[in-house]
**Q** 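First, the structure itself, so that you have it in front of you.
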There are 2 protein chains.
Amino acid sequence: MARLTNLNLSDQVTNELGKAIIDGSYNNETGFPSEAQLCEEYGISRTSVREAVKMLAAKGLISSKPRQGIRIELPEKWNFYDTNVLTWMLASSPSLTVLREFLQMRFAIEPQAAALAAKYGTKEDIAEIGKALEGMRAAAQTPDGDLHKADLEFHTAILQASGNRFFSQLKDFIRTALNVSIQHTTPAKGSNEAIVEEHHKVYIAISEGNVERAKNLMVYLIDEAMTVIEDEIKAQES
Amino acid sequence: MARLTNLNLSDQVTNELGKAIIDGSYNNETGFPSEAQLCEEYGISRTSVREAVKMLAAKGLISSKPRQGIRIELPEKWNFYDTNVLTWMLASSPSLTVLREFLQMRFAIEPQAAALAAKYGTKEDIAEIGKALEGMRAAAQTPDGDLHKADLEFHTAILQASGNRFFSQLKDFIRTALNVSIQHTTPAKGSNEAIVEEHHKVYIAISEGNVERAKNLMVYLIDEAMTVIEDEIKAQES
DNA sequence: TATGAAATATTATAATACAATTGAAGGGAA
DNA sequence: TTCCCTTCAATTGTATTATAATATTTCATA
C-alpha cells in the first residue's frame, strides 16, 4: 500500500480498494474479501476497514450485508462524478474511448454553460473569465508559459459564471477531462496566438451577453479537439 | 430520528445529518457537533457516528481533522450528482430556482444524448426507446394510465442509448429532475396525444440515425417545459 | 514582545465482545 | 422425492474501552 502519510488509514485503503475495484482486480465471481480478510491483507483494524468500506459504499462502488458480505455494485451505480472515482477510472483505463466520452460531455456542457454565462453571468464572474483570458495571453507570449493551466482556468471560470450549481459542480470533471485531453492530443504548437484568439472571441460574446454566439463559439472550440480524437480513433481501428 | 428499520444506524444518521447540513441547520459559525456530541444527540456509539461521518465526507459535505473537529465543506464541494445529496437538497429547497437549474442541465444533456443515440445507439438500445414509447402511447390512451412514469422511461432509455457512461450515469439525476418538474408544471391536460407524438418524432429521428434532427427535436421537447418555468419565475418576481 | 514548551480537546486507530441478519445445510413429514 | 421447518454458521452491525496522533490554546520564560 502506497504510504501517503498525510492521509488517514481508512482513506488510504479507500484509495487502494477503489482503484482495484475499478480496474477489475476484484470481482464478484472470485468473491470480494470479507472485512476480516481485508484486515489481514492490509494489516489494520476492522474499524478502519469498515470506514473505508463505508466510503466506497457512499460512492456507489460496493454494498454490504450481513452474512452476504461485501459485493461490488454494477458499474452503472458507480458515481463517476466523484473526483476519486473519476481518478481511479482514468488510472485504470486512459483509453481513447474514455477521452471521447469526456469530450462528448464537454460538448454537451460547455456550450450551454457559455450561453448561461452570457445570459446570467454577474460582472464579477465575467471579470474572472477575463482574468483567465489575460493569463492565457501572457502564457502564450512567454516561452515556457503554462498555457494549458491558464486554459483550464478559462473553462472553469465559465462554468462558474453559469450561475448554476450543477454546471459549476462539474469544474473538477472538466478539469480532469481537459488534462486527459492534453495528454493525448499532440499539441499543434505555433498556434498559441490562434488559440488565445478563439478564446478571446468566446469571452467577448459572453461579456456582450450574446447568448447564441457564446454557445456557437464554444461548440467550435471543443469541436476542434473532438475532430482530432475521432481521427485518432479511426486511425487506431483501421 | 426517523426510524427506518431497514437501514443501518450509520445510514440513518447519514441521512439525518445530510439533510440538516444542506438545509442549513448546522453551520460552521455555530460550530458543528463533535463526534462525542453526536453520540449523545442520537444515542448511539462512536463507531456508528464515525461511519456516518465518513460517508458524508465521501459525498463532499464535511471533513474532519484531529483537534479541529468536523467542519462543513463549502457547498461547491458538495457532490450534487450523488443521489442522496440531490434528494436532501430537494427536500430542503424545492424552489423554482432549483427547477430551472435542473432544466438547464437537461437542456445541455438530453439533446446531446439523443444525438449520440442516433449516431452510436445499438439496435437493442433503440428497441428499448421504442418500447418506452409504446408504454407512453398505452398510458396516454388509458384513462388513468401513468404517462409520467412512461415518460421517464423514455428519457432514461435515450441516455442509456448514448453509449456514454457519463450520460447514462445521469439517469437518476434526470429522473429526479423530471419528477420535480412534474410537481410544478400544471399538466396541460388533453394534450396527451400531442406529447406522445412529439416523443414519437424523437424516436423516429434516433432510429433513422438522423443526428441533427434527433438533437433539435429533443431541444424542442425540453424548451416547452423551460418556457413554462421561466414564465412562472417571471410571474413570481413581479 | 516573542519563543517555545506543556496542557488539552478532538479525531484516528485498535482490540474485543456481543447482537442481528441471512444464506445454507439438515431433518422430518406429506 | 419434495416441501417446509429448524438449526447452524458466517458475516456484518453496534457498542465499549483504551491508547495514539494531531493541532490548538495556554502559559511560562527569555
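Proteins come first, then strands; the chains are lettered A, B, ... in the order of their sequence lines, and each starts at number 1. Small disclaimer: the values here were computed from a predicted structure and weren't measured. Excluded from the calculations below are hydrogen atoms, water molecules and symmetry mates; all remaining heavy atoms, backbone and side chain alike, are included.
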**Q** To the nearest angstrom, how far is B/Gln12 atom CD from D/dT14 atom C1'?
**A**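 Checked: the CD to C1' distance equals 12 Å.
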**Q** Establish, from distance only, whether the side-chain atoms of B/Ser25 and B/Asp23 form a donor-acceptor pair under 3.5 Å.
**A**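 Distance-only check passes for B/Ser25 and B/Asp23.
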**Q** Using the ring of A/Tyr81 (Phe, Tyr or Trp, six-membered ring only), decide whether B/Arg165 places NZ or CZ under 6.0 Å from its centre and within 45 degrees of its axis.
**A**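 Verdict for A/Tyr81: no cation-pi partner in B/Arg165.
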**Q** Within the supplied structure, the quantity of interest is the number of heavy atoms (other residues, nucleotides, ligands) at a distance under 6.0 Å from A/Lys171 NZ; does it exceed 12?
**A**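 Buried by this count: over 12 neighbours within 6.0 Å.
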**Q** Is it true that B/Glu153 and B/Arg175 have a side-chain N and a carboxylate O under 4.0 angstrom from each other?
**A**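 Yes, B/Glu153 and B/Arg175 are salt-bridged.
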**Q** Please give, in whole Å, the distance from D/dT12 P to A/Arg71 CZ?
**A**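 Between P of D/dT12 and CZ of A/Arg71: 13 Å.
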**Q** Rounded to the nearest Å, what distance is computed from the OH atom of residue B/Tyr42 to the C1' atom of nucleotide D/dA15?
**A**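 Going from B/Tyr42 (OH) to D/dA15 (C1'), I get 19 Å.
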**Q** A/Asn8 has an atom CG; how far is it from atom C1' of C/dT11, in whole Å?
**A**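 After rounding, the reported distance stands at 9 Å.
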**Q** Going by atom types alone, do A/Asp125 and A/Gln160 pair a side-chain donor with an acceptor below 3.5 Å?
**A**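 No, A/Gln160 and A/Asp125 have no side-chain donor paired with an acceptor closer than 3.5 Å.
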**Q** Write down the distance between CZ (B/Phe32) and P (C/dT10), rounded to a whole number of angstrom.
**A**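 Value for this atom pair: 14 Å.
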**Q** Using whole Å, report how far CD of A/Gln37 lies from C1' of D/dA10.
**A**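 Rounding to the nearest Å, CD of A/Gln37 and C1' of D/dA10 are 11 Å apart.
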**Q** Quickly work out the A/Leu7 CG to C/dT13 C1' distance and round it to whole Å.
**A**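 Distance, rounded to whole Å: 15 Å.
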**Q** Within a reach of under 6.0 Å around CD of B/Glu40, are more than 12 heavy atoms found that belong to other residues, nucleotides or ligands?
**A**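 No, CD of B/Glu40 has 12 or fewer neighbouring heavy atoms, counting only those of other groups under 6.0 Å.
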**Q** Could you list, one pair per line, each protein nitrogen or oxygen that sits under 3.5 Å from a nitrogen or oxygen of nucleotides 25-27 of chain D, together with the distance?
**A**
none

**Q** Nearest-Å distance, NZ (B/Lys65) to P (D/dA23)?
**A**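 Rounded to the whole Å, the gap is 7 Å.
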**Q** Hey, does the side chain of B/Gln169 reach the backbone of A/Trp78 with a donor-acceptor pair shorter than 3.5 angstrom?
**A**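 Here the side-chain-to-backbone pair exists.
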**Q** I want to confirm an ordering. Mapping A/Gly43 and A/Gln68 to their closest nucleotides on DNA chain C, which one lands closer to the 5' end?
**A**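 Its nearest nucleotide being more 5', the pick is A/Gly43.
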**Q** Looking at A/Phe167, I'd like to know if the NZ or CZ of A/Arg106 sits under 6.0 Å from its six-membered ring centre while staying within 45 degrees of the ring's axis.
**A**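 Verdict for A/Phe167: no cation-pi partner in A/Arg106.
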**Q** Is the A/Phe173-A/Phe102 ring centre distance short of 6.0 angstrom?
**A**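 Between A/Phe102 and A/Phe173, which both carry aromatic rings, the centre distance is below 6.0 Å.
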**Q** Can you check whether B/Ser64 has a side-chain N or O nearer than 4.0 Å to OP1 or OP2 of C/dA12?
**A**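 For B/Ser64, the contact criterion (side-chain N or O under 4.0 Å from OP1 or OP2 of C/dA12) is met.
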**Q** Among residues 45-63 of chain B, which ones have heavy-atom contacts with DNA chain D below 4.0 Å?
**A**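 Output list: B/Ser45, B/Arg46, B/Thr47, B/Ser48.
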